[in-house]
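Below you'll find the structure, written out as C-alpha cells, and then a few comments.
Just so it is clear, the values below take in all heavy atoms, side chains as well, and ignore hydrogens, waters and symmetry mates. In each ligand, atom 1 is the first atom listed, and ligand 1 is the first ligand listed. Keep in mind that what you see is a predicted model, and the values were worked out from it rather than measured. Residues: numbered from 1 along the sequence shown.
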Amino acid sequence: MRSTAFAAAMLPLATAAVNVVLSNDDGWAEMNIRSLYDGLTDAGFNVILSAPADNESGTGSADAEPTTVGRRGCEFMSCPPGSPPFGYNASNPRFNYVNSFPVTSMRYGIQTLAPHFFGSAPDIALAGFNVGTNLGLTTQISGTVGAATEAAREGIPAIAFSGTTGAQVGWTTPLQTYQQVYADLSTTVTSVLVHSGLPYLPNNIWLNVNYPDVSDSICSSPSDFRFVLSRINNAVPYVTPKDVYTCHNDGRLPTETEVVDTEGCYASISVGVATTKLDAGAADQQVVLDKLESILSCLPA
Ligand SMILES: *[C@@H]1O[C@H](CO)[C@@H](O)[C@H](O)[C@H]1NC(C)=O
Ligand SMILES: *[C@@H]1O[C@H](CO)[C@@H](O)[C@H](O)[C@H]1NC(C)=O
C-alpha cells in the first residue's frame, strides 16, 4: 500500500510532459532545428516547431504580418511557390512555418499553436540552435535571440542556443556529429532548467547559450563539454555593477566570447534581460547559477 501511494505520488513528475515551442532564424526546414526537435522529443518533451519559412538570419526583433510565399517557395523547396502565409507539414502538423520573421513565428507558436496543441501556453520557449554563434553585440541583431527574447517578453521562460560549426543545410541532409552534439547539449540544459522547478526563470529573463567548434577530432562528444556562466557583453570598468560571485571571480564573470574561445570544450551560458537583450544583474545571475549548478564549471585558471 505504501509503495503504491509512493509510486502514484511520483507519477505526475515522471510523466507530465513539458510543453515547448521551438523556433529559430535559419528557417523551419534547416537541419539544426529539426535535430533539436528530435533530441527534445526523444527526451520526452512535447514540442511544437514554429519557425520562419525562409532564412531570416540577422533580422533581430523585426516583426511583420506573414504574407503568401513568393515564387521561390520556402527554403530548400520545403514548400511550393504561392503557399499560404502559415503552413505545416501534412504528415507532421507539429512542423509549422510562418512566412515572416523569427519574432512573428515565435509569437504564432506561443499564441496560436500552443493553445491548439497543448490547451495552454507553453512551459518554455527555445530558439535554435543557430547556425553560427551569437556572442556579445551580435545578440542585438540575431533573429534567434529576437525569437527567444520575444517569448520572455510574453512571459515564457526562454533560451537561445547557437553553435560555431556548420552552414545552413536542409532537413533531409544526413545528421552530422556537430548537430548531434549541439542537440544533445541543448536538451541537457533544457532538462536541468526544467528539473530545477518553477518558475524556470525570473520574469523577463532569457538565457544565451553558445557552443564552440565541434569536429571529429575535437569536442566530438557531449561529454567533452563543460558549461560556464558568462556575461553577454564586456563590463565597463568602474561603471558596470558586480556580477554574481562564483569560481573565485571577484564579482566579474568571463564574457561568453572568452568562454567559447578558451581552449578545451567550454560552452557559455549568459543571463539576459529580454527587453534590452543586455546582461542581467547579479541577483538574476544568482538564480540561474543556483538552478544550473549541477552542470556549471569554472574556466581553467
Ligand atoms: C541567410 O541569411 C544571411 C543573412 O542575410 C546570409 O548571410 C546567409 O548567407 C543566408 N544563407 C543562405 C543559405 O542563403
Ligand atoms: C514532412 O514530413 C514527412 C514525413 O515525416 C517527411 O518525409 C517530409 O520530408 C517532411 N517535409 C518537411 C518540409 O518537413
Cation-pi check for Phe95 against Arg34: NZ or CZ below 6.0 Å from the six-membered ring centre and within 45 degrees of the axis, yes or no?
yes

Which protein N or O atoms sit under 3.5 Å from any N or O of ligand 1? Give atom names and distances.
from     : atom 1 : to     : atom 2 : distance (Å)
ligand 1 : 2 (O)  : Asn55  : OD1    : 3.3
ligand 1 : 2 (O)  : Asn55  : ND2    : 2.4
ligand 1 : 11 (N) : Asn55  : ND2    : 2.8
ligand 1 : 11 (N) : Gln168 : OE1    : 2.6

Looking only at N/O atoms, are Thr172 and ligand 2 under 3.5 Å apart anywhere?
no

Show the atom names and distances, to 0.1 Å, of all donor-acceptor pairs under 3.5 Å that link a side chain in residues 70-77 to residues at least two apart or in another chain.
from  : atom 1 : to    : atom 2 : distance (Å)
Glu75 : OE2    : Trp28 : N      : 3.3
Glu75 : OE2    : Ala29 : N      : 3.0
Glu75 : OE2    : Glu30 : N      : 3.3

Electrostatic pair Glu256:Arg231 at N-O distance under 4.0 angstrom
no

Under 4.0 Å from a heavy atom of Trp28: which atoms of ligand 2 are those, numbered in the order shown and with their elements?
13 (C)

Which atoms of ligand 2 sit under 4.0 Å from any heavy atom of Arg34?
12 (C), 13 (C), 14 (O)

So Phe161 and Tyr211, would you call those rings parallel, tilted or perpendicular, with 30° and 60° as cut-offs?
parallel

Cut-off 3.5 Å, side chains only: do Thr104 and Asp63 have a donor facing an acceptor?
yes

Who pairs with Asn204 by side-chain hydrogen bond (donor to acceptor under 3.5 Å, both in side chains), at least two apart in sequence or on another chain?
Thr275

Which bit of Asn92 gets closer than 4.0 Å to ligand 2, counting heavy atoms only: side chain, backbone, both or neither?
neither

Donor-acceptor pair, distance only, cut-off 3.5 Å: does the side chain of Asn208 make one with the backbone of Ser270?
no

Residue pairs meeting side-chain hydrogen bond (donor to acceptor under 3.5 Å, both in side chains), one or both in residues 259-268, sequence neighbours left out, come to none

